[in-house]
Amino acid sequence: MRSRLERITSQRLESLNRIREKGIDPYPHCYHPSYAIKEAVALFERGEKAENISLAGRIMARRSMGKMIFADIRDSSGKIQLCFRYNLLGEENFELLDEIDIGDIVGAEGKLFRTKAGEITLEVSHFTILCKSLRPLPEKWHGLVDTDKRYRQRHLDLISNEETRNIFMSRSKIITAIRNFLDSRGFVEVETPVLQPEAGGAAATPFTTHYQALDNDFYLRIALELHLKRLIVGGFDKVYEIGRAFRNEGISGKHNPEFTLLECYQAYSDYTNMMSLVEEMASYVAQEVLGNTKITINGNIINLAPPWQRVYLRDAIKNYCDIDFEDYPDATSLRSKMEEKGMEVDPNKGRGKLVDELISTFVEPNLIQPTFLIDYPAEMSPLAKRKRGNEHLVERFEGFINGMEIANAFTELNDPIDQRERFKQQMRERVGDEEVEIADEDFLEALEYGMPPTGGLGIGIDRLVMLLTGQSSIREVILFPQLRTKPKS
RNA sequence: GGGCCGUUAGCUCAGUUUGGUAGAGCACCUGACUUUUAAUCAGGGCGUCGUGGGUUCGAGUCCCACACGGCCUACCA
């Protein structure tokens, strides 16, 4: 027994053969429409002549009236209605329309007019089959809804759902705007290795791979930091990289194992300069992409315009959970205080990770308006420079918007002796199999040549896109999010 | 990793309470129609009910296991 799908596919294959029998190539090599659909519509609306124009796109709907057929086609710019008339096309061409289905891609020439109902429409004088589609598209009212299919078959999601198209158009515009912003300020974009002998620059579990040519196990990078700082040593005073980082950790609505990270470093700067950079960049990007620095999420109006609120981390934690981390100088005492508060605490966590837990549990959910948390405990941040006047703290901030961490930045540690000591301290204080910063000799040696005072910044691009497109799942802003392999049926 | 919910036609969904021949809309096929636009009208056929076991005279429906997905939770950005 044949399924519906098999019937439809075989009907379309028969149609394909009939097209070939007429001497027509159903898969021609190219077609050059004179306008994108949106341009053609704009032309017509301005009252300019729109005759002998050509358009191309996928057929999304078809309404046959007998001797007249309406069809909607869409290209990446927009949608337009085509009108095929028997007396204009002639019998042979009009009958060829029998072989054209929803989902096929066509080119059409003719002139634009406005129908009685007021819709701008191309009256087709000639058309060309550009690609025969063999499978039926998802349903026209609801589109493709099933999340599993939407992520696995993103092409169908993009064909069917305008919202999805808009999100990824926005994503592209956001990244372009970031590049424009940084380029205009004299930053140089670079590319550094994804495959690394040590996974440094953050504390996270890396993916491992084997480098055949070197007969060595390698890691996929978990951050961009160390190589970029080596470029600062090399004299690139303003550098950035937008690239994929990989962390072999949980998958959730806010985490994809491979994610896009922006890191930028500016010599002769400190973390206060990076705060200004973040504020200005975020509001520039929002203005460019949304035309506004105010965004609405979950009914909250969030204003990205500078200045963002600045709160000392110590004060924020005191404020939201009444713990002053300066009263607890080691992991043991802080852990018992947290347990006293009824928290279940992983005994493998060091003091830095414990403070991090206080932030994410008590503070982060409350930071809806853009907020910088400032000055972190030194053991949380082995790559950051100690705070002027308080050696237990480092000059670091994280930027939060809508209860989500967006940015992380510090005054970069450029004292090679302290840097070496801080790596050692990480290893010393490591408890169990806790992930900590790995000492990277190439990086340490570079620092010994001298790195100018430098401000550094990391921004999770996927999360920024979530924010600017109003999405609550990271999978909605990544074209092909990580999913388990489906078993073969 | 843990908890809850879900998986039925190419797509969107009913049907599961109370076991008794598998349903609708879109899409598709045939016919009518030269201003439709969720076109309309008449007719048509199409299913490994996620997978594998079990209970039963009989399972889409009840039970067990597994797979995949969603949300929450845990680690992290």
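Convention: sequence-line order gives letters A, B, ...; per-chain numbering from 1.
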Counting distance alone, no hydrogens or angles: does the base of B/U36 have a donor or acceptor under 3.5 Å from a partner atom on the side chain of A/Gln81?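 Indeed, a donor on one side and an acceptor on the other fall under 3.5 Å apart.
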
A/Glu139 (side chain) and B/G25 (base): donor-acceptor pair under 3.5 Å: yes

Minimum-distance nucleotide (side-chain atoms of A/Pro136 versus B/G70, B/G10, B/U36): B/G10

Closest listed nucleotide, where the reference is the side chain of A/Leu483 and the choices are B/C71, B/C26, B/G69: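 The listed nucleotide nearest to A/Leu483's side chain is B/G69.
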
Mind checking who B/C68 pairs with, Watson-Crick or G-U wobble, both distances under 3.5 Å? B/G6

Any strand: nucleotide that pairs with B/U18 via Watson-Crick or wobble, under 3.5 Å: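 Base partner found: none.
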
Side-chain N,O ([X]) to OP1/OP2 ([N]) below 4.0 Å:
X	N	result
A/Lys116	B/U36	no
A/Arg63	B/U36	no
A/Arg475	B/G70	yes
A/Lys140	B/C11	no
A/Arg85	B/U35	no

Look at all strands and tell whether [X] reaches a base, only sugar-phosphate, or nothing, counting heavy atoms closer than 4.0 Å.
X	result
A/Asn256	base
A/Phe246	nothing
A/Gly66	base

What nitrogen or oxygen pairs link the protein and nucleotides 1-4 of chain B at under 3.5 Å?
none

Who pairs with A/Phe325 by ring-ring contact (aromatic ring centres under 6.0 Å, His included), at least two apart in sequence or on another chain? none

Quick one: ring-ring contact (aromatic ring centres under 6.0 Å, His included) partners of A/Phe400, sequence neighbours excluded? none

For A/Glu398 and A/Arg114, find the nucleotide of RNA chain B closest to each by heavy atoms; which residue's nucleotide sits nearer the 5' end? A/Arg114

Counting only heavy atoms not in A/Lys38 (residues, nucleotides, ligands), do more than 12 fall under 6.0 Å from its NZ?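 No, because the 6.0 Å sphere around NZ of A/Lys38 holds 12 heavy atoms or fewer from other groups.
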
Quiz: residues 374-384 of chain A side-chain donor-acceptor pairs under 3.5 angstrom, not counting sequence neighbours:
residue, atom, partner, partner atom, Å
A/Asp375, OD1, A/Tyr271, OH, 2.6
A/Asp375, OD2, A/Lys387, NZ, 2.9
A/Tyr376, OH, A/Glu398, OE1, 2.7
A/Glu379, OE1, A/Arg351, NH1, 3.1
A/Glu379, OE2, A/Arg351, NH1, 2.8
A/Ser381, OG, A/Arg396, NH1, 2.7

A/Ile159 side chain reached by A/Arg74 side chain, heavy atoms, under 4.5 Å: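 The answer is yes; the side chains approach within 4.5 Å.
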
Among A/Leu261, A/Thr260, A/Leu182, which residue meets the side-chain contact (heavy atoms from CB on, under 4.5 Å) test with A/Ile242?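 It is A/Thr260, the one option of A/Leu261, A/Thr260, A/Leu182 that forms the side-chain contact (heavy atoms from CB on, under 4.5 Å) with A/Ile242.
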
List every contact pair, protein side and nucleotides 28-32 of chain B side both N or O, where the distance is under 3.5 Å.
residue, atom, partner, partner atom, Å
B/C28, O2', A/Gln11, OE1, 2.4
B/C28, O2', A/Gln11, NE2, 3.4

A/Ser133: which residues meet the side chain to side chain contact (heavy atoms under 4.5 Å, CB included) condition with it, sequence neighbours left out?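 Once residues adjacent in sequence are excluded, the partners of A/Ser133 under the side chain to side chain contact (heavy atoms under 4.5 Å, CB included) criterion are A/Arg12, A/Asp104.
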
Tell me: OH of A/Tyr86 to P of B/U35, nearest whole Å?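 Whole-Å distance recorded here is 16 Å.
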
Determine the minimum heavy-atom distance between A/Phe94 and A/Met68, stating which atoms define it.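 Of all heavy-atom pairs spanning A/Phe94 and A/Met68, the closest is CZ-N, 3.7 Å.
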
